[in-house]
**Student:** 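Could you have a look at this structure, given as structure tokens, before my questions?
Every value quoted in this text rests on a predicted model; they were computed, and no experiment measured them.
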Amino acid sequence: MIKKTVLITGGSRGIGLECVKIFAHNNYNVIINYKNSDKNAEEIKNELEHLYQIKVLLCKCDVSCEDSVKKMFEKIKKEFNHLDVIINNAGIAIDQILEDKTSKKFSEVINTNLIGPFLIIKYGYPLISKGSIINISSTNGIDTEYIESIDYDASKSGLISLTRNFANYLAPNIRVNAVAPGWVNTDMNKELDDKFIKEENKKILLGRFAECYEIAKVVYFLSSDDASYINKSVIRVDGGLC
Ligand SMILES: NC(=O)c1ccc[n+]([C@@H]2O[C@H](COP(=O)([O-])OP(=O)(O)OC[C@H]3O[C@@H](n4cnc5c(N)ncnc54)[C@H](OP(=O)(O)O)[C@@H]3O)[C@@H](O)[C@H]2O)c1
């Protein structure tokens, strides 16, 4: 049987890395996209190819750069010639007080978190004959906005619109959904101070941030046949964030 293949952007760390592991564990060939973390990516590839009978392809590429994205898909086409699942996970946050926000930084966030997924889907979907695309949005894109992340929040709202629009366009062969995590324990939040974390935990019914695997499991479920009737949806995974 031909193995299924998944492309995971931002697969070198955090939520993306946990997605990489769960798809590898389920016998997928995995394409790991990342921007800088060469060492991490090499180590993951070696570890997973040793553990499982799968191929791991590393694709270092800035998802916001159209030429690099085109080249990445040429490489993917050569190696696999098809894709089953795309996970748009790569993302950045530049939290700052409003006075320090500039259009340059705002654009950087939008380019990575919104234009990136647009390019990945535009150039990637022709490789999927029947499959699924999952975009990692955020509750910040729905109803937990902060002025310090006004650019990030707009990008994640935009990603929900992009999800719905592509779901219309790619039906019925490709299901397109978004996952909207609340707070997750990753590098993205490593600068948060203890007092802030304590206050945020009070707003979460489960009283804690999520671990990456708790998001990755939902992503995997959405990609699978168990979710064959879930389409154009946004699934919150936020522990009951009020
Ligand atoms: N953490 C949270 O609380 C939280 C909550 C809701 C949603 N999310 C979303 O979940 C996704 C993953 O977040 P995370 O917390 O796991 O992030 P993270 O730990 O900071 O990891 C970010 C990943 O994205 C990659 N990346 C960043 N910019 C890129 C670019 N231009 N091109 C290609 N790859 C790029 C990084 O690659 P390198 O390692 O090479 O830098 C890394 O693999 C993001 O979209 C984020 O917005 C996170």
Side-chain angles (χ1 to χ4, degrees), residues 6-28 30-37 39-41 43-48 51-52 54 56 85-95 112-113 117 132 134-144 146 148-149 152-153 155-156 159-160 177-224 226-227 230 233-242:
V6 59
L7 164 64
I8 299 169
T9 69
S12 52
R13 291 185 283 128
I15 295 168
L17 174 56
E18 249 356 92
C19 291
V20 165
K21 288 182 183 168
I22 201 165
F23 277 91
H25 183 72
N26 283 283
N27 206 30
Y28 272 72
V30 182
I31 302 156
I32 302 176
N33 156 261
Y34 64 100
K35 188 177 174 192
N36 297 306
S37 303
K39 194 165 170 274
N40 270 22
E43 280 171 11
I44 300 156
K45 176 178 162 70
N46 291 341
E47 183 188 322
L48 295 180
L51 272 176
Y52 308 107
I54 59 165
V56 177
V85 179
I86 293 176
I87 315 291
N88 267 313
N89 165 79
I92 55 166
I94 308 177
D95 288 357
T112 304
N113 297 2
S132 165
I134 295 139
N135 297 321
I136 310 299
S137 178
S138 167
T139 54
N140 288 47
I142 308 171
D143 57 9
T144 60
Y146 295 81
E148 293 82 1
S149 59
Y152 178 86
D153 303 353
S155 73
K156 293 299 181 180
L159 188 53
I160 289 172
N177 291 293
V179 170
W183 291 108
V184 188
N185 278 321
T186 71
D187 291 348
M188 199 173 263
N189 297 322
K190 69 180 176 201
E191 307 286 323
L192 297 180
D193 66 55
D194 289 349
K195 189 164 163 255
F196 181 80
I197 294 175
K198 222 169 163 186
E199 286 308 308
E200 288 303 305
N201 278 340
K202 284 186 196 159
K203 300 180 192 164
I204 306 167
L205 295 179
L206 295 183
R208 64 173 176 86
F209 284 20
E211 297 305 330
C212 293
Y213 73 86
E214 294 176 300
I215 310 301
K217 278 185 178 182
V218 178
V219 172
Y220 181 74
F221 163 73
L222 275 179
S223 77
S224 73
D226 289 340
I230 302 181
S233 289
V234 183
I235 312 291
R236 294 182 78 114
V237 191
D238 64 5
L241 189 54
C242 307

**Student:** May I ask you to say whether K39 pairs ionically with E43, meaning some side-chain N is under 4.0 Å from a carboxylate O?
**Tutor:** yes
**Student:** For L48 and V20: C-alpha separation, side-chain torsions, deciding distance, then whether side chain to side chain contact (heavy atoms under 4.5 Å, CB included) applies.
**Tutor:** CA-CA 9 Å; L48 295 180; V20 165; 3.4 Å; yes
**Student:** Going by heavy atoms in the side chains, are P181 and T139 under 4.5 Å from each other?
**Tutor:** no
**Student:** Nearest 0.5 Å, please: how far is CG in N113 from CG in D153?
**Tutor:** 10.5 Å
**Student:** Could you point out which residue of N33, V6, T9 forms a side-chain contact (heavy atoms from CB on, under 4.5 Å) with I87?
**Tutor:** V6
**Student:** Roughly how far, to the nearest 0.5 Å, is the CG atom of L205 from the SG atom of C242?
**Tutor:** 4.0 Å
**Student:** Heavy atoms only: give me the nearest S137-A178 pair and the separation to one decimal.
**Tutor:** CB-CB, 4.5 Å
**Student:** Once rounded to the nearest 0.5 Å, what's the spacing between atom CD of E214 and atom CG of N185?
**Tutor:** 9.5 Å
**Student:** Tell me every residue that passes ring-ring contact (aromatic ring centres under 6.0 Å, His included) with Y28, counting only those two or more places apart in sequence or in another chain.
**Tutor:** F23
**Student:** Taking the side chain as every heavy atom from C-beta outward, state whether I204 and F209 have any atom pair closer than 4.5 Å.
**Tutor:** yes
**Student:** Can you tell me how far the OH atom of Y213 sits from the CD1 atom of I15, to the nearest 0.5 Å?
**Tutor:** 13.5 Å
**Student:** Taking NZ, NE, NH1 and NH2 as the nitrogens, is one of them in D238 or K203 under 4.0 Å from a carboxylate oxygen of the other?
**Tutor:** no
**Student:** In the structure I gave you, are the side-chain heavy atoms of L17 and S12 within less than 4.5 Å of one another anywhere?
**Tutor:** no
**Student:** Spell out, as yes or no, whether a donor-acceptor pair under 3.5 Å connects the side chain of N88 to the backbone of I134.
**Tutor:** no
**Student:** Has the side chain of N89 got a donor or acceptor atom that lies under 3.5 Å from a matching backbone atom of I136?
**Tutor:** no
**Student:** Please report the closest heavy-atom contact between I44 and G11, naming both atoms and the distance.
**Tutor:** CD1-O, 4.0 Å
**Student:** Considering non-hydrogen atoms only, spot the tightest contact between K156 and S138 and give its length.
**Tutor:** CG-CB, 3.8 Å
**Student:** CD1/I235 to CD1/I215 distance, rounded to the nearest 0.5 angstrom?
**Tutor:** 12.0 Å
**Student:** Considering only heavy atoms from C-beta outward, does the side chain of Y52 approach that of N27 to under 4.5 Å?
**Tutor:** no
**Student:** Please determine whether side chain to side chain contact (heavy atoms under 4.5 Å, CB included) holds for the pair Y152 and I94, giving the CA-CA distance in whole Å, both sets of side-chain angles, and the decisive distance to 0.1 Å.
**Tutor:** CA-CA 8 Å; Y152 178 86; I94 308 177; over 6 Å; no
**Student:** For a quick test of reading the model, state the closest non-hydrogen atom pair linking G16 to I8 and the distance between them.
**Tutor:** O-CG2, 3.8 Å
**Student:** With sequence neighbours excluded, what pairs up with D95 under the salt bridge (Lys or Arg N to Asp or Glu O under 4.0 Å) test?
**Tutor:** none
**Student:** Taking it one step at a time, do V56 and I32 satisfy side chain to side chain contact (heavy atoms under 4.5 Å, CB included)?
**Tutor:** CA-CA 7 Å; V56 177; I32 302 176; 3.7 Å; yes
**Student:** Under 4.5 Å between any side-chain heavy atoms of N26 and Y220, yes or no?
**Tutor:** yes
**Student:** List the atom of N140, the atom of S149, and the distance in Å for their closest heavy-atom pair.
**Tutor:** ND2-OG, 3.6 Å
**Student:** Would you find a donor on one side and an acceptor on the other, under 3.5 Å apart, between the side chain of N177 and the backbone of N135?
**Tutor:** no
**Student:** Sort and list the pairs that fulfil salt bridge (Lys or Arg N to Asp or Glu O under 4.0 Å) and have at least one residue in residues 184-194, not counting sequence neighbours.
**Tutor:** R13-D187
**Student:** Charged N to carboxylate O below 4.0 Å: is that the case for E47 and K21?
**Tutor:** no
**Student:** Atom CG of L7 and atom CD1 of I31: how far apart are they, to the nearest 0.5 Å?
**Tutor:** 5.5 Å
**Student:** Check whether any side-chain heavy atom of R236 sits under 4.5 Å from a side-chain heavy atom of I142, and report yes or no.
**Tutor:** yes
**Student:** Run the side chain to side chain contact (heavy atoms under 4.5 Å, CB included) test on T186 and C212 for me, step by step, so that the C-alpha distance in whole Å, both residues' side-chain angles and the decisive distance to 0.1 Å come before the verdict.
**Tutor:** CA-CA 7 Å; T186 71; C212 293; 3.5 Å; yes
